[in-house]
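First comes the structure, then the notes that go with it.
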Amino acid sequence: MSSIPEQLRLKFDRALVDAFGEELAGTDPLLASTNNPKFGDYQANLAMSLAKRLKQKPRDIAQQIVDRLEVSEICEPPEIAGPGFINLRLKREFLEAQLQKMQGSDRLGIDPTETPQTTVVDFSSPNIAKEMHVGHLRSTIIGDAIARVLEFHGDNVLRLNHVGDWGTQFGMLITYLREAYPDALTQPDALDIGDLVAFYKKAKIRFDEDPEFQETARNTVVKLQSGDTETRQAWELLCDQSRREFQKIYDRLDVQLQERGESFYNEMLPQVVEDLEKQGLVVEDQGAKCVFLEGYKNKEGNPQPLIVQKSDGGYNYATTDLAALRYRIREDGAQRVVYVVDAGQGTHFDQVFQVARRAGWIPEGVEATHVPFGLVQGEDGKKLKTRSGETIRLKDLLDEAVRRARADLEKRLQEEGRQESEEFIENVANVVGLSSVKYADLSQNRTSNYIFSYDKMLSLQGNTAPYLLYAFVRVQGISRKGAIDFENLGEVSMSLQEEPEFVLAKHLLSLSEILDEVASELLPNRLCQYLFELSQKFNQFYDKCPVLQAEEPLRTSRLVLCDLSARTLKLGLSLLGIEVLERM
RNA sequence: GGGACUGUGGCUCAGAAGGAUAGAGCAAGCGCCUCCUAAGCGCUAGGUCGCGGGUUCGAAUCCCGCCAGUCCCGCCA
């Protein structure tokens, strides 16, 4: 079952070739949804764009296409309007048949792609020995949603957590702990993760002030890199403790990730530089090995380098990223590598991709993409901080969302005189709280900054998770009230009668176009928009069209619309990493 | 100095391979529960799409210039 625009595209292609010859084959019919129901459901805008090429009037072109367009099974007779728009209105019988197919499919009529791609999604990426904070929120949530959409799309997805588990900071931390709290380096969990963060800060201060400490820290890094047993063990202890701490957050958010940190690429770094040298891309400048970039100038107007090896022989993160990109393409077989990293890194990725491309590490047909996102800001428009100016821990942020969801739920239960079990309350508060945080983030176009507001995300009205969850709950209400088993509705025959039914049906049938779009553009907010509109359209239908009291065959037909709405919501939300509730 | 991103009703945002009168939500005002949970639905009001040029049948969308905000630019990651 292909999407409706896809079906129409084929028809247009035939009509076009028929009317104007083979050379027009494959011309995009420029199909778009209409913005006004009086123009039908879809419009094709190609006649205007062909006017110059064919040296004919757009309306005449449109007429010739329409004369040869065989869409009578899908649409009412096409109409030509305005300067040459071809307007198409879907037929009732066609919609009914499509809905029946959708009903009978466990993927809601959406086939997996015929050309699956191996795709690496690099996201989350916290730093070892630090706690996850707001900064990791967007990458984790957006990355997970993108991975889920691509998985459903049929791609072979590798979810990689490129954790910061290497580099000078470990020399610093281990050196500091050795003098301040040696137990932490030999015994698991001797320190709380929060204390570790505090020690890290102190270590950083010492490092910046004390040259002797600096020297020792550098030596520790060298020891670590050369595999000194004691240092290595201390490092592993720290990594392990952090890892378990991260996992708690991932479990709460239901995020699957494979850890492959910076250290994984460590031993490949000399080879990376060597290969760049062999290709003549490396120039030594002030003792550092550099690749000079095309299209970048420094403050003095001279070409700007990407440093691949520091003058002290060490490597920095550009080299690690080059090694990672190369490994992912060569060894993992990635055809697409997607980096879900904040927008501030845009230049860095652009530079790394440029060097990798010049080195021939990104072959034809392989795509490396930075998927940028903006900052999380407080309601004052500044970077989100606690009242005392501290960075907000992700754990606290999630706790607070759940706490507020719970308080709101309890207030309503009291007002409505409802009695619910503690288990029910806890589960609803948890799902509502976490899904609100996720949805608020995902529903914005990720490229802009985003203003974080508990009040807005938890609101029961508007484009929020609770509003969508409620639409799903309403269907479950019908099912309980009427003792309906949606999985066994028997022989269904659709019958669309009222306007809200048509509107809902058409929206349901456009899911696959949206998912294709999200898979290619990597913009989860498009899916959110779709689901929000679906909820609105379902609520309008629910308001105007009684279901359980309707006469057959209308009753079953409406039950199918309910079922499809619920299943679409559930699927769509699951692709955003959001669970649904039976009652709330 | 160079570069990237952002600028759309009071507020938060959709809409960018050009398409018909620019869409939502919140907040405001007014309606709708003998009927599947009103956590809902309907109506009203609110916009020089930052500013100025250009391209064209047509521009929020493409090009150029300017203004404002955020961020990045050789040895941190």
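For clarity, every value in this text was computed on a predicted model and none was experimentally measured. Proteins get letters first, then strands, A, B, ... in listed order; numbering begins at 1 in each.
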When you measure from the side chain of A:Tyr470, which nucleotide among B:rG15, B:rA39, B:rU12 comes out closest? B:rA39
Under 3.5 Å, is there a donor-acceptor pair linking the side chains of A:Glu533 and A:Gln529? yes
Between B:rU6, B:rG74, B:rA20, spot the one nearest the side chain of A:Pro305, thanks. B:rG74
So A:Gln43, base contact, sugar-phosphate only, or nothing? Heavy-atom distance under 4.0 Å. base
Measure the distance between the ring centre of A:Phe85 and the centre of the six-membered base ring of B:rA20, then answer whether it is under 5.5 Å with planes under 30°. yes
Check every strand shown and say whether A:Arg555 touches a base, only sugar-phosphate, or nothing at a heavy-atom separation below 4.0 Å. nothing
I want to verify a distance call: between B:rA38, B:rA77, B:rG19, whose nearest atom is closest to the A:Glu262 side chain? B:rA77
Report the base-pairing partner of B:rC36 (Watson-Crick or G-U wobble, both distances below 3.5 angstrom), or none. none
So what does A:Tyr315 hit on the nucleic acid, given a heavy-atom distance under 4.0 Å: a base, only sugar-phosphate, or nothing? sugar-phosphate
Report yes or no: is the cationic atom of A:Lys202 (NZ for Lys, CZ for Arg) under 6.0 Å from the centre of the six-membered ring of A:Phe199, at an angle within 45° of the ring normal? yes
Who does B:rC76 pair with, Watson-Crick or G-U, both distances under 3.5 Å? none
For A:Asn525, report the nucleic acid contact type (base, sugar-phosphate, nothing); a contact means any heavy atom under 4.0 Å. sugar-phosphate
Tell me what A:Gln286 touches on the nucleic acid: a base, only sugar-phosphate, or nothing, going by heavy atoms under 4.0 Å. base
With a 3.5 Å limit on both atom pairs, tell me what B:rU70 is paired to, counting Watson-Crick and G-U wobble, or say none. B:rA4
Looking at B:rC75, B:rC41, B:rG15, which one has an atom nearest to any side-chain atom of A:Lys544? B:rC41
Euclidean distance for P, B:rU6 against B:rG50 (whole angstrom): 12 Å
In whole Å, measure the gap between the P atoms of B:rU56 and B:rC43 for me. 41 Å
Among the nucleotides B:rA20, B:rA39, B:rG42, which one has an atom lying closest to any side-chain atom of A:Met584? B:rA39
Which one, B:rU6, B:rG40, B:rG74, comes nearest to the side chain of A:Asp285? B:rG74
A:Val473, nearest nucleotide to its side chain (from B:rC57, B:rU37, B:rU6): B:rU37
Is there a Watson-Crick or G-U wobble partner for B:rA22 with both distances under 3.5 Å, and if so, which one is it? none
I'd like to know if A:Asp563 and A:Arg567 make a salt bridge, using a cut-off of under 4.0 Å between side-chain N and carboxylate O. yes
Mind calculating the distance between CZ (A:Phe170) and P (B:rC76) to the nearest angstrom? 16 Å
Selected nucleotide, minimal atom distance to A:Lys52 side chain, candidates B:rA77, B:rU56, B:rC35: B:rU56
What is the separation between atom CD on A:Glu521 and atom C1' on B:rA14, rounded to the nearest whole Å? 14 Å
For B:rC62, measure the glycosidic angle (O4'-C1'-N9-C4 for a purine, O4'-C1'-N1-C2 for a pyrimidine) and name it syn if it falls within 90° of 0, otherwise anti. anti
Can you measure A:Phe532 atom CZ to B:rC13 atom C1' for me and round it to whole angstrom units? 11 Å
B:rG3 and B:rG46, which share atom name C1', separated by this distance in whole Å: 38 Å
Would you call the rings of A:Phe349 and A:Phe353 parallel, tilted or perpendicular if under 30° counts as parallel and over 60° as perpendicular? tilted
Ring of A:Phe39 versus six-membered ring of B:rA20: centres under 5.5 Å and planes under 30°? yes
Out of B:rC36, B:rC75, B:rA14, which has the shortest distance to the side chain of A:Ser448? B:rA14
Could you label the plane-to-plane angle of the A:Phe264 and A:Tyr327 rings as parallel, tilted or perpendicular, counting under 30° as parallel and over 60° as perpendicular? perpendicular
Under 3.5 Å side-chain donor-acceptor pair for A:Tyr296 and A:Asp350: yes
